[in-house]
Amino acid sequence: MIRVVRWALLLAFAVYFFIPLLAMLDFSTRKIGGAGRTLDAWKALGQDSQLTHAIGASLALAVCTVVLMLVLLLPTMIWVRIRLPKMTRVIEFLCLLPLTIPALVIVVGISGVYAWVNYFFGYSPIVLTFAYVVLVLPYSYRALDASLSSIDVITLAEAARSLGAGWYSVIVRVIVPNVWPGVLSAAFISVALVLGEYTFASLLGNYNTLPVAIALFGKSSGTISVAASLASMLFAAVLLLGLSFFGGRRRMSKGTSS
Amino acid sequence: MNTGTPVQLVDLERSYGGVRALDGLTLDISPGEMVVLLGPSGCGKTTALRILAGLEQANSGQVRVGGADLTNTSANKRDMGMVFQAYSLFPHLTVAENVAFGLKLHGRSLAVRTKRAQEMLELVGLVQQGDRYPVQLSGGQQQRVALARALAIEPAVLLLDEPLSALDAKVRVQLRDEIRRIQLEVGTTTLFVTHDQEEALAVADRVGVMNAGRLEQIATPTELYSSPATPFVAEFVGLSNRLPAAVDGDVAVVMGNRIPALPGSARAGVALVRPESVRLVADKLGAATVTTIAFLGALSRVTCTLDDGTTVLGQLGSSDAIALTLGDRVRLDLATTPVLVVPAA
Amino acid sequence: MATARGGGVLLRRRLAPALGLVPFLAYLLIFLVIPTVVVLAGAFQEKGSFSLTNIDALKEAASRTALGKSVLLSGSTAVIGAVLGAVLAWLVIGARPTSLLRRAVVSLSGVFAQMGGVSLAFAWIATIGYSGAVTNFFRSHLGIDLWGNGWLYALPGLILVYCYFQIPLMVIVFLPALEGIRPQWQEAAVTLGASKWQYFSQVLVPLLRPAFLGCTLLLFANAFAAYATAAALVSQGSPIVPLMIRQALTSEVVLGRQHLAYALALEMVVVVVVVMVLYGLLIRRSAKWLR
């Protein structure tokens, strides 16, 4: 009885969540003003110059955000664990702060700061990196924190120091290799967030990123927008599903060794 | 306070996808008795306990408590108190509320529950902690509360599923003695499952040694130790030397010593000799050399090697062991405690 | 002299580790703290001097309607999302962590909850928009007009579409609480005489209540702060606070109201902060239990 209810409910959820995806597939392959199917909208993803630029910009932004986030956050978190444990709460609070301050609010207040950013770095979409690092901070912090908590950072650092390693070696050669799962999951989540980010990109100066382009095309060609939306969702889904398999394997191998 | 209820497990069988966890287990527990099931992990002891609790179903066989057949009774109607390995307290309830939980389910009034919870906490020595939450207690205290909670409903049977294995060594010894004291006080029929032989021997009226889903032997702790019925029991309970032996009638000949052989001994093979049955005497003409001496407090354990390479472990009073030094030649005498002879593997 | 130098060394040894935090703190100062302070201060300014003009504007009918609709939208989707998300999480927790079902649900939830935005809006336009697949199907096969008067682009539509990311968010934030439930608790309750219903009502419900309420608040804050989906779906008018901020930022400045966006943003911060503080309190309580 309970089994039947379980599967019936799962089926209901599946319908609610998959019908829009199937509808997108249907919508994006329609021939305008006629019957039959066409892949024109999907081809446009690789041909339309505005779209390809937008896709390129979004991917570049994703990479830059991940790199800057790691460079800024990981050494800081390791440093806090080793030398400044009293600051743990403060850093955690700061990192989780963007969950409490909506992106829209930051957008409203950041225009002055971005006047300087544009002055130094120009108007390429890449400048959004600075804001996106703040945006992904809470999620990255949680992923890295979970990984750092699973190893004994202080003992590892002391062992390496006693063998003559400097702080740079301790962080880069000893600790980072041991927190790869956390680094990877922080990176994946950041990529997914950046690829979908619309608030900053549209309101800070209409930078041509993928979500902005999707919204723009929506006003002229719905099919292209829908195709691009579905593509970016599928891309993110594959990314996160892959991450779950990687993470699962790590956890399992850890379980057998202990 | 409780006259105790007899428990019978009759020919229980249980397999998990081809693996036999229980292979015809039959066990009688007398009213008020504490039986400990002892065995390595995967021997089926926990399965037996969970089937008695009703948390798992046997493929075949019968569970009888107080003469009534409970085989098909659901777990919540079996009237059993169970203590789990760890972390079984409800974290959102205080200690006193945890203890009173079962009474609440049974529809007792608040006044009765409060009074009974108080009594139970007195019994386990935690009256002061009644208003705390489980996370505020140590592991040992949590297990005391779990015991109080299980006993609060005055169950027909008390079930203890490795209740001490998550605790520190010192707390473990302390709490195990206390569990026994409380069990004797309330007189509830008890099944206790553990993989720790010392624990089993210390608290049980009778110990049942299990292996591969079967009961190898069930006997009082002293009988189990001095007269193991099978090689498995002899090896699993206590330490044993394996010394070549031949059997002549009911006498085993081990290294020239004539010792009574236990029933069930093989014709020839190795005798399983306890370390405390080995006497080591310093003797320049002795056949063995002392290789290690481990000081354990009042007792010491001495290993020596025979000239053919066999190592023998002896246990003696530390005052006697002082006379020995590494490299000494010693003579080995065996006490006339009966031994079990098993085929040499 | 010697003590002074010793003091200097001591000071340096204490300060040196703190220097390691400078880049991180400086970054957050520039890109998080300054923008926030600008908003908070800007809300109380007009033409460079202190003024309550913009705060007063929040009391006007249009602002109050927008706030009311935002609360309605966030509240309804938080409750629907929390209930349905908890049910879905419960369905998933029955499967092993390594099972494909669990992985797929968790990963897809991540996609819908965290990267959705604009894409989700177009997903629903393609489904029940004017020429959406489901709309077409109903129109041609069942003779039912799903489109109505374009309800998808008004509050009812927003509620439906927001649930599409609220339910998955609930799955993600509520799963850890469900994972904290130990099988021993059920077994202990059962051996003490609890029926299935008693275990549910006397153990599970009180145990999960703080986490459930906390997650509901988180969903509320999430919906309240969300912008992209609504922005892509609703191109004209500003039924909710985030869209009003868009209007204030992008349209020609209403005379004497340069800082209306700041005031609206302040309003948003106040609501979200209050909700998140309550969330923190509730979660801390259940985290203590479920350690």
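Residue numbering restarts at 1 for every chain, and letters A, B, ... go by the order of the sequence lines.
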With rounding to the nearest 0.5 angstrom, report the CE to OG1 distance, M80(B) to T191(C).
10.0 Å

With a 4.5 angstrom heavy-atom cut-off, could you sort out which part of Y133(B) is near chain C: side chain, backbone, both or neither?
side chain

Closest-packed option against chain C by number of heavy-atom pairs under 4.5 Å, given A86(B), S88(B), G54(B), G81(B)
S88(B)

Which pair of heavy atoms, one from L207(C) and one from P91(B), lies closest together, and at what distance?
CD1-CG, 3.5 Å

Taking the side chain as every heavy atom from C-beta outward, state whether L89(B) and Q184(C) have any pair of such atoms under 4.5 Å apart.
no

Under a 4.5 Å heavy-atom cut-off, does chain B meet the side chain of E187(C), its backbone, both or neither?
both

Check I153(B) against L192(C) and note the closest heavy-atom contact, atom names and distance.
CD1-CD2, 4.0 Å

Shortest non-hydrogen pair, V190(C) vs A75(B), comes out as CG1-CB, 3.2 Å

Are any of the side-chain heavy atoms of K104(B) and Q202(C) separated by less than 4.5 Å?
yes

Report, as yes or no, whether the 6.0 Å neighbourhood of atom CZ on R64(C) holds more than 12 heavy atoms from other residues, nucleotides or ligands.
no

Check each atom of R50(B) against the heavy atoms of chain C and say whether the ones under 4.5 Å are side chain, backbone, both or neither.
side chain

What are the two closest heavy atoms between Y87(B) and W185(C), and how far apart are they?
O-NE1, 3.1 Å

